[in-house]
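In what follows, a single structure is set out as structure tokens and then discussed.
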Amino acid sequence: MYCKVITASRSGGIGNGLTYETGSHEVRIGDLVRVPLRSKLTEGLVVELMQTNDSEYDVKQVEEVLSRQPLLAEAQLQTAQWMADHYLTTLRQALAPWLPSPPWARFLPDRKAGYRVLNGDMSLVRGKKQVAIMEYLQGRDWVSAEELKRELEVTKTHMNALLEKRIVEEELQTVAADGTAHLDHVKGLPVLTSAQQQVADSMSRDPRPSLLFGVTGSGKTEIYAQMIVDTIRAGKQAIVLVPEILLTEHSIHRYETLLNRKSIAVLHSRLTPAARLVLWKRIRRGDIAMVLGSRSALFAPMPHLGLVIIDEEHEWTFKNEQTPRYHARDTAETLCRFSGAKLVLGTATPSMEAWVRAKDGRYQMERLPMRYKDQAMPDVRIIDLADVDFGSMYPFSPPLLDAIEAKLRKKEQVVLFLNRRGVATSLLCLECRRRVVSPESLLPFTVHQTHGGKPFLMDHTSGLTAALPARCPHCDSTKLLAVGAGTQKVEHILGKKFPQARLLRADADTMSHPDQMREMLSAMREGRADILLGTQSVVKGLDLPNVTLAAVVLADVGLSLPHFRAGERIFQLLTQLTGRSGRAKQGEVIIQTFRPNAPEILAASRHETEQYLDQELKLRAYTNYPPTTEMLRLIVRDNDPAGRARSFTVTLQKNIDALGLHVTAKCAPTFFGGGREWHILLRGTATKKALEGLNLDEVIIDVDPMETV
Ligand code: ADP
Ligand code: ZN
């Protein structure tokens with residue numbers, strides 16, 4: 001027999017494994033082995049078993065099998081292989097999220113010392129203690145040292161005497177998790193409404209992935225809770241993914257009343273490597289019933305995975321932006337298929353990808369069109385910022401300030417959504433509502449305020465600078481306004497206007513650890529704060545019953561980026577916004593925007609989600625954009641990215657023409673890379689084929705990219 005082994009040491013050129021002969025060892029897929037590599041021994045993971053040697057070289061033999069049971073289950077390895085194939089990485093790269101950094105032997109279960117009888121000859125046994133030990137061991141295969149110490153107060157000296165006479169032998173064994181542990185994981189049951197119960201039942205019956213399309217406040221979390229309990233009672237485990245580490249703090253609240261805290265593992269990137277290792281082993285042993293975490297929690301080594309839930313399925317954070325550049329949704333779909341587990345994707349605003357799959361039957365779909373207890377959706381007001389006279393209050397319009405004041409008077413709470421942190425200020429024409437763009441990159445210029453000097457424009461992708469124009473280059477209007485405001489500026493203005501109000505600011509600066517999020521949430525729940533001011537990523541998803549006003553200060557963020565997903569993203573944001581308000585009593589929502597008639601803004605304000613999704617899907621089909629076509633991005637970095645990207649595009653185009661493919665290839669600087677990166681975007685029906693035969697060593701491949709500006 002032969003096996004393919006991914007070695008832990010990172011030697012170049014063997015990212016897809018080396019072939020070894022198994023020799024006399026019994027080797028299973030997923031085993032950790034020690035193998036010779038060059039002149040040394042190294043550890044490796046067995047990823048494939050083969051009858052014949054597929055290598056053209058003479059192969060060496062496996063030296064030792066280190067694991068008693070496979071480190072990774074077959075379904076997990078199959079998923080890693082799928083990731084390597086789909087995202088065009090090596091198998092080693094695809095395995096990285098599953099197995100944290102080597103040495104992998106650290107992940108083997110801890111083994112305990114114990115004893116068994118080797119020779120039943122009692123004539124060699126001396127003294128009461130030795131007799132007691134022998135009687136205790138008789139008829140049992142193996143007893144741990146711990147148990148002997150506990151029951152008979154046995155010391156090492158007693159045992160050594162027996163060991164020396166070769167009456168007993170010592171052996172290290174992995175102590176398996178108690179097979180009945182799952183019976184005491186659950187501590188409180190959800191009580192579903194009949195509509196919710198029907199949805200839960202019909203999802204459980206269908207083996208396909210399910211899209212749970214329920215309006216904000218419809219009780220999706222309660223349905224998850226029911227399905228998690230059912231899974232655990234069947235002796236299996238569940239993984240729940242949330243879009244953002246900080247939101248694990250919010251969700252854990254609900255799950256702690258459902259399961260014992262020690263049955264839940266929260267996985268996020270702020271864990272120390274030591275804490276992560278301990279959790280990894282507990283999960284692998286089967287002690288953990290449910291893992292809650294951000295996208296990488298999908299790779300938790302659950303021994304009997306029964307359910308994966310992706311909450312807020314549409315969120316961009318489910319895409320990993322480093323190799324392997326996987327999407328948690330597609331990877332979860334694959335993992336569930338190989339593990340026989342159920343996948344549930346929950347959202348109030350399905351992604352286009354999920355929507356198209358629900359429409360063509362690849363996903364089963366369940367709708368929850370009403371809020372829990374038929375609580376009304378909030379009233380939504382759109383404020384056209386082009387008509388507002390801000391005075392010194394930019395970016396607050398008078399109606400928004402009035403509404404905040406009214407809520408403060410009634411002792412209700414307010415949530416304000418802000419731009420993503422770091423989104424730059426740009427120069428907007430209030431007449432034609434376009435942004436002033438750089439002739440170099442065609443992306444909006446950033447307005448820079450200098451200390452003392454005059455403000456100027458800068459194109460971060462090319463370094464081009466320009467003076468602030470007096471007139472709009474498109475329509476010649478003089479009504480130009482620098483728009484965009486960060487959290488700090490907004491906090492300052494609010495503080496001046498409402499000195500009595502207790503303000504909380506939540507952005508990546510004030511909130512870097514889940515503990516800080518916990519404190520902020522309890523301050524809001526306990527009424528110790530009046531206004532929560534936060535970036536979208538922090539504020540979305542919160543369930544705070546006393547919030548009756550939610551507002552977005554500037555809904556246009558990202559709108560002027562030439563991004564085919566910009567509309568979808570704004571729609572999701574605004575729907576999230578409406579979801580924060582009036583969850584327990586009538587609420588309102590205010591949207592401040594420079595584009596009051598944009599279709600996504602109108603649809604969100606009217607709660608017309610399906611109409612918007614269908615319309616947007618038609619548009620994508622008409623313009624040949626995903627999800628109706630494939631997309632692939634090549635990222636070019638380091639020296640002369642522009643020159644290299646341009647010349648690579650020419651080569652690529654020749655390949656596309658020669659193969660007769662329906663693929664377009666374009667290159668441009670990336671907005672996200674700040675000018676130091678260029679990307680080549682391929683769009684069409686066989687984008688991977690277009691790469692055939694090309695040397696890809698100098699580019700980073702991103703399959704199904706999200707950041708495509
Ligand atoms: P979603 O995730 O769909 O936005 P949630 O699950 O957060 O909705 O539910 C909204 C609110 O309604 C929560 O405060 C939740 O506790 C409550 N709720 C929903 N369904 C039930 C139920 N069956 N029993 C008790 N409370 C419920
Ligand atoms: Zn103009």
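Counting starts at 1 for both ligands and their atoms, following the listed order. Starting from 1, each residue takes its place in the sequence as its number.
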- prompt: Judged by modelled atom types alone, do T248 and H268 share a side-chain donor-acceptor pair under 3.5 Å?
  reply: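 There is no such pair between these side chains.
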
query: Is there a donor-acceptor contact under 3.5 Å linking the side chains of S351 and E313?
result: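 There is such a pair (donor and acceptor under 3.5 Å, judged by atom type) between the side chains of S351 and E313.
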
task: Specify whether Y612 and F571 have parallel, tilted or perpendicular ring planes, treating 30° as the upper limit for parallel and 60° as the lower limit for perpendicular.
output: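 Correct class here is parallel.
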
- prompt: Is the backbone N or O of S218 less than 3.5 Å from a side-chain atom of Q196, with the two atoms forming a donor-acceptor pair by type?
  reply: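 Here the side-chain-to-backbone pair exists.
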
- prompt: Can any side-chain N or O of R580 pair as donor or acceptor with the backbone N or O of Q576 at less than 3.5 Å?
  reply: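 Pair found, side chain donor or acceptor close to backbone of Q576.
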
message: Apply side chain to side chain contact (heavy atoms under 4.5 Å, CB included) to residues L542 and L532 and explain how you reach the verdict.
response: CA-CA 11 Å; L542 300 186; L532 171 59; 3.8 Å; yes

- request: Kindly tell me which protein residues have any non-hydrogen atom under 4.0 angstrom away from an atom of ligand 1, grouped by chain and ordered by number?
  value: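 Only V191, L192, T193, Q196, V215, T216, G217, S218, G219, K220, T221, E222, Y372, D543, R583 have heavy atoms that fall under 4.0 Å of ligand 1, ordered by chain and number.
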
message: Please report whether the ring centroid of Y326 lies less than 6.0 Å from that of F299.
response: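 Ring centroids of F299 and Y326 are less than 6.0 Å from each other.
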
query: Taking it one step at a time, do R583 and D543 satisfy salt bridge (Lys or Arg N to Asp or Glu O under 4.0 Å)?
result: CA-CA 7 Å; R583 289 169 76 88; D543 179 27; 2.5 Å; yes

- request: Measure the spacing between CD of E366 and NZ of K220 and express it to the nearest 0.5 Å.
  value: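 So the gap between those two atoms works out to 13.5 Å.
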
task: Please report how many protein N/O/S atoms lie under 2.8 Å from the Zn ion (ligand 2).
output: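 The number of such protein atoms is 4.
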
